[in-house]
Enquirer: 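Following this message is one structure expressed as structure tokens.
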Amino acid sequence: MSAPTLFPNSTTAVDGVCPPNATLCSGTSCLVLASNFNYILGVSMSTVMAVMLGLVMFAMGCNVEVMKLWGHIRRPWGISVGFLCQFGIMPFTAFALSMAFNVLPVQAVVVIIMGCCPGGSYSNILAYWLDGDMDLSISMTTCSTMLAMGMMPLCLFIYTSAWTSSSSIQIPYDSIGITLASILIPVTFGMYIKYRWPKTAKKVLKVGSIMGFLLIILIAVVGGILYQSSWDIAPSMWIIGVMYPILGSALGFLLAWMVGQPWARCRTIALETGIQNAQLCSTIVQLSFSPEDLELMFSFPLIYSIFQVFYSMAAVGAFTELSSEKGTERLRCSKRRDGC
């Protein structure tokens with residue numbers, strides 16, 4: 001998860017000069033924000049959410065144990081399964097959905113770009129709330145982001161050749177580097193706090209987990225308000241946007257279960273598979289395509305992001321309710337002399 005980018009609309013340059021808040025210009029065509037209010041609000045919210053994300057990742061680091069993290073790196077079975085899901089299942093699923101729904105070439109490309117992106121860092125927050133393996137979650141997000149520098153060009157070359165030349169797709173390595181730093185630096189500080197002051201780390205984790213939950217909701221609400229004009233898109237892209245996150249998570253869980261991973265790791269791998277870095281996808285399409293193409297494809301990362309938030313909230317609610325029922329049942333059993 002990252003702070004959302006601003007979703008622009010097309011306009012025409014006046015006297016050959018684009019407006020100062022244009023995000024992309026090509027000849028007389030420019031992409032600008034729908035209104036100055038949206039621009040100011042978007043920049044402000046992006047800044048606030050970037051700071052909040054750093055604080056949340058710091059809190060998540062307070063739940064990471066150095067030895068367990070090192071254990072995942074030394075014996076990277078869970079990481080390897082996650083790698084296969086991230087750069088095997090997700091790109092292929094994107095390709096299959098694009099072919100099945102026969103979408104336009106530029107729309108197929110944006111779906112595949114989303115599938116080739118590394119995992120989003122807000123999967124770490126969900127791993128905490130769903131009682132997953134936090135050490136595995138952090139290591140998978142970090143590794144997928146690092147490996148994306150080589151795997152994204154390879155996957156795009158394999159899967160987009162049917163519609164466009166992969167060389168025309170510009171991968172923002174600087175953005176990937178920033179994402180990596182935004183994970184490693186605050187998490188490292190959090191791990192240090194846990195090592196030196198365990199009691200303080202528990203308090204920070206409790207506050208940070210609640211802040212992370214609110215951040216997820218905030219991103220969904222702000223995205224829906226700021227980018228209302230982006231909802232006008234082909235029905236097939238809506239269907240893919242609804243299906244893709246849950247399908248990716250389900251396939252990731254199934255693969256993890258098939259290779260004998262514990263339930264906590266299965267949940268973690270499912271989250272890391274289905275939750276993608278939508279901001280990175282938005283950045284790539286802005287850098288790589290014309291304003292005319294962007295009108296057909298730019299809203300897909302937003303739709304994917306909104307629905308992955310929706311499914312995540314539903315999963316947390318269902319898991320919390322189930323855990324509460326199990327806790328109540330155990331309490332009843334403990335009070336009975338004959339047990340359960």
Side-chain angles (χ1 to χ4, degrees), residues 4-10 24 29 31 34 85-120 152 155-166 168-169 219-220 223-254 270 273-315:
T5 52
L6 303 176
F7 284 69
N9 295 320
S10 61
L24 186 65
S29 298
L31 285 179
C85 293
Q86 189 71 64
F87 297 110
I89 288 177
M90 288 301 282
F92 178 77
T93 302
F95 177 81
L97 288 172
S98 300
M99 295 293 290
F101 287 93
N102 195 29
V103 296
L104 295 174
V106 292
Q107 293 173 332
V109 170
V110 73
V111 174
I112 293 172
I113 291 173
M114 177 62 77
C116 294
C117 284
M152 283 190 72
C155 291
L156 290 171
F157 173 76
I158 294 172
Y159 290 108
T160 63
S161 57
W163 295 284
T164 187
S165 171
S166 61
S168 64
I169 301 175
I219 286 179
I225 293 174
L226 281 180
Y227 314 131
Q228 298 176 47
S229 60
S230 298
W231 299 113
D232 186 16
I233 192 172
S236 57
M237 294 296 283
W238 269 101
I239 297 172
I240 293 174
V242 171
M243 292 177 57
Y244 194 13
I246 193 68
L247 185 58
S249 294
L251 291 173
F253 186 94
L254 180 62
T273 303
I275 295 175
Q276 299 291 84
N277 191 332
Q279 184 192 23
L280 181 61
C281 179
S282 299
T283 302
I284 292 172
V285 297
Q286 281 193 81
L287 292 173
S288 306
F289 297 93
S290 67
E292 292 76 14
D293 289 338
L294 285 175
E295 290 184 0
L296 298 173
M297 64 196 304
F298 204 81
S299 56
F300 182 76
L302 173 63
I303 293 172
Y304 188 98
S305 181
I306 292 293
F307 279 100
Q308 71 180 7
V309 168
F310 173 78
Y311 293 134
S312 299
M313 296 297 98

Enquirer: So how far is it from Cys116 SG to Ile158 CD1, rounded to the nearest 0.5 Å?
Expert: 8.5 Å
Enquirer: Using 0.5 Å steps for rounding, measure from the CD atom of Gln107 to the CD1 atom of Ile240.
Expert: 8.0 Å
Enquirer: Hey, is the main chain of Ala270 close enough, under 3.5 Å, to the side chain of Ser249 for a donor-acceptor pair?
Expert: yes
Enquirer: Closest heavy-atom contact between Met90 and Gln86?
Expert: CB-O, 3.5 Å
Enquirer: Ring centroids only, cut at 6.0 angstrom: are Phe95 and Trp163 within range, meaning strictly under it?
Expert: yes
Enquirer: Taking all atoms of both residues into account, what is the closest heavy-atom pair of Tyr159 and Pro91, and its distance?
Expert: CE1-CB, 3.6 Å
Enquirer: Given side chains that start at C-beta, do those of Val110 and Pro301 come closer than 4.5 Å, heavy atoms only?
Expert: yes
Enquirer: Over 60° means perpendicular and under 30° means parallel, so tell me whether Tyr311 and Phe307 are parallel, tilted or perpendicular.
Expert: tilted
Enquirer: Can you find a heavy atom in the side chain of Met237 that is under 4.5 Å from one in the side chain of Val111?
Expert: yes
Enquirer: Could you tell me if the side chain of Met152 sits less than 4.5 Å from the side chain of Cys117, heavy atoms only?
Expert: yes
Enquirer: I need the Thr273 OG1 to Ile275 CD1 distance, nearest 0.5 Å.
Expert: 9.5 Å
Enquirer: A quick test of your reading: do over 12 heavy atoms of other residues, nucleotides or ligands sit less than 6.0 Å from CZ of Phe101?
Expert: yes
Enquirer: Rounded to the nearest 0.5 Å, what's the gap from OH on Tyr244 to CE on Met114? Could you check?
Expert: 8.5 Å
Enquirer: Tell me the side-chain hydrogen bond (donor to acceptor under 3.5 Å, both in side chains) pairs involving residues 88-103, sequence neighbours left out?
Expert: none
Enquirer: Check Gln308 against Gln276 and note the closest heavy-atom contact, atom names and distance.
Expert: OE1-N, 3.2 Å
Enquirer: Could you tell me the separation between the CD1 atom of Ile112 and the CG atom of Leu97, rounded to the nearest 0.5 Å?
Expert: 10.0 Å
